[in-house]
Colleague: 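I have a structure here, written as structure tokens, and I will follow up with some questions on it.
Proteins come first, then strands; the chains are lettered A, B, ... in the order of their sequence lines, and each starts at number 1. Computed from heavy atoms alone, side chains included, the values below leave out hydrogens, waters and symmetry copies.
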There are 2 protein chains.
Amino acid sequence: MLDDIDRRLLEILIKDARISLKELAAQVGLSSPSVSERVRRLEERGVIRGFTVEVDPQALGYQLQAIVRIRPLPGKLHIVQKLIEEMPEFGECDKVTGDDCFVARLYIRSIDRLDGILDRIADKAETSTAIVKSKPIERRPPPLSPS
Amino acid sequence: MLDDIDRRLLEILIKDARISLKELAAQVGLSSPSVSERVRRLEERGVIRGFTVEVDPQALGYQLQAIVRIRPLPGKLHIVQKLIEEMPEFGECDKVTGDDCFVARLYIRSIDRLDGILDRIADKAETSTAIVKSKPIERRPPPLSPS
DNA sequence: TAAAATGCTCGACGATATCGACCGGCGTCT
DNA sequence: AGACGCCGGTCGATATCGTCGAGCATTTTA
């Protein structure tokens, strides 16, 4: 599926997506047209979902992050989901199995804003909030090798 | 801190970081050297942490994701943290306040591999695992406006 | 075995990023 | 109030880069 060169290309691009094709080609020992074609096909196959910039929430003034588990009250599931989606402070939300229906990541500027944000769903769901103290693992992709 | 043009640059770059400076400049109504300089300064200030590719775990064969809450047994905290960090299937891990010490995202190829992976920490921590059924909110940055 | 498809290199051309020089507005200091 | 210096901008030239077409080797298929 993915050969050795594809994997190296991905690794390099994950670290720095702005690298030139020429440099990229040099690092894997191919010509730039070949590399260009390989990258194009990685996109086509959906392995590369897109090229993006990583924005640092802290630098934007969001000093805190919280992991919020959300359990909608009976009959409120859809309303709650819609509310969450429309609140831009949620940076990510997974719908999961188990008692907690949603697990979401919340960006907050300061601790005193937390209550105001959660109040908006407080009458439609039970929530458990855990403040993020540190990030032992920063976001990273799963292993590229077929294992 | 961030002016209107910076915000528009970020929005555009988040959607497609491979856009040419020329096109980027046209979209915000500046010359390309100005835009180049602005992007450089966004990096310098740490607002842009880097340029990267988004890799799709599904396309790599990881059909499932799980959110795992991990509570190390007394005295095992550091060992558990180290174990987690060294397991490449964990795509992200937050250390949080509350009973659950860690909340991590796990990429798995199929459901029958889940047990084998969690077994590696089973004797050092209690875990609660929730399988991700869908993603109401895909990863996104917090609002860029100062609010 | 022959034909076709795949994946590569090479060279040329058009597009692009970058660099230096220059300009204008704004805050500051005398 | 006026002059100075700085910040952020434009413009044009140059060097770099990506892309395209042609051609070649290897492997797969009929």
Colleague: Nearest to the A/P33 side chain among D/dG9, C/dT18, C/dG11, which nucleotide is it?
Modeller: C/dG11

Colleague: Using whole Å, report how far CD of A/E37 lies from P of C/dT9.
Modeller: 12 Å

Colleague: Is B/E11 paired with B/R7 through a side-chain N to carboxylate O contact shorter than 4.0 Å?
Modeller: no

Colleague: Could you state the atom-to-atom distance from CD1 of B/I5 to P of D/dC7 in whole Å?
Modeller: 19 Å

Colleague: Do the side-chain N or O atoms of B/S34 get closer than 4.0 angstrom to the phosphate oxygens (OP1, OP2) of D/dT10?
Modeller: yes

Colleague: B/E23 has an atom CD; how far is it from atom P of C/dA15, in whole Å?
Modeller: 14 Å

Colleague: Between B/R18 (CZ) and C/dA17 (P), how many Å, whole number?
Modeller: 13 Å

Colleague: When all nucleic acid strands are considered with a 4.0 Å heavy-atom cut-off, which category describes A/R41: base, sugar-phosphate, or nothing?
Modeller: sugar-phosphate

Colleague: Should A/R38 be listed as having a side-chain N or O under 4.0 Å from OP1 or OP2 of C/dC8?
Modeller: yes

Colleague: What is the distance, to the nearest angstrom, from the CG atom on A/L21 to the P atom on C/dA17?
Modeller: 13 Å

Colleague: In whole Å, I'd like the distance from the CG atom of B/D6 to the C1' atom of D/dG9.
Modeller: 14 Å

Colleague: Determine the contact category for B/S20: base if any of its heavy atoms lies under 4.0 Å from a base atom, sugar-phosphate if only primed atoms, P, OP1 or OP2 are that close, otherwise nothing.
Modeller: sugar-phosphate

Colleague: Begin from the C-alpha positions of A/Q65 and A/R105 and carry the test side-chain hydrogen bond (donor to acceptor under 3.5 Å, both in side chains) through to its verdict.
Modeller: CA-CA 7 Å; A/Q65 293 183 29; A/R105 178 179 307 272; 2.9 Å; yes

Colleague: Going by side chain to side chain contact (heavy atoms under 4.5 Å, CB included), A/L106 matches just one of A/I67, A/T129, A/L114. Which one?
Modeller: A/L114

Colleague: With heavy-atom distances below 4.5 Å as the criterion, would you say the side chains of B/Q63 and B/R113 are in contact?
Modeller: no

Colleague: Would you mind reading off the distance between B/D4 atom CG and D/dG8 atom C1', rounded to a whole angstrom?
Modeller: 17 Å

Colleague: When we call it a touch if two heavy atoms are under 4.0 Å apart, what does A/S31 touch: a base, just sugar-phosphate, or nothing?
Modeller: base

Colleague: Less than 4.0 Å between a side-chain N and a carboxylate O, is that true for A/D94 and B/R139?
Modeller: no

Colleague: From CG of B/L30 over to P of C/dG24, roughly how many Å is that when rounded to an integer?
Modeller: 18 Å

Colleague: Considering only D/dT19, C/dC19, C/dT16, which nucleotide approaches the side chain of A/S36 most closely?
Modeller: D/dT19

Colleague: Output the single nucleotide from C/dC8, D/dC17, C/dG11 whose closest atom is nearest the side chain of A/K22.
Modeller: D/dC17

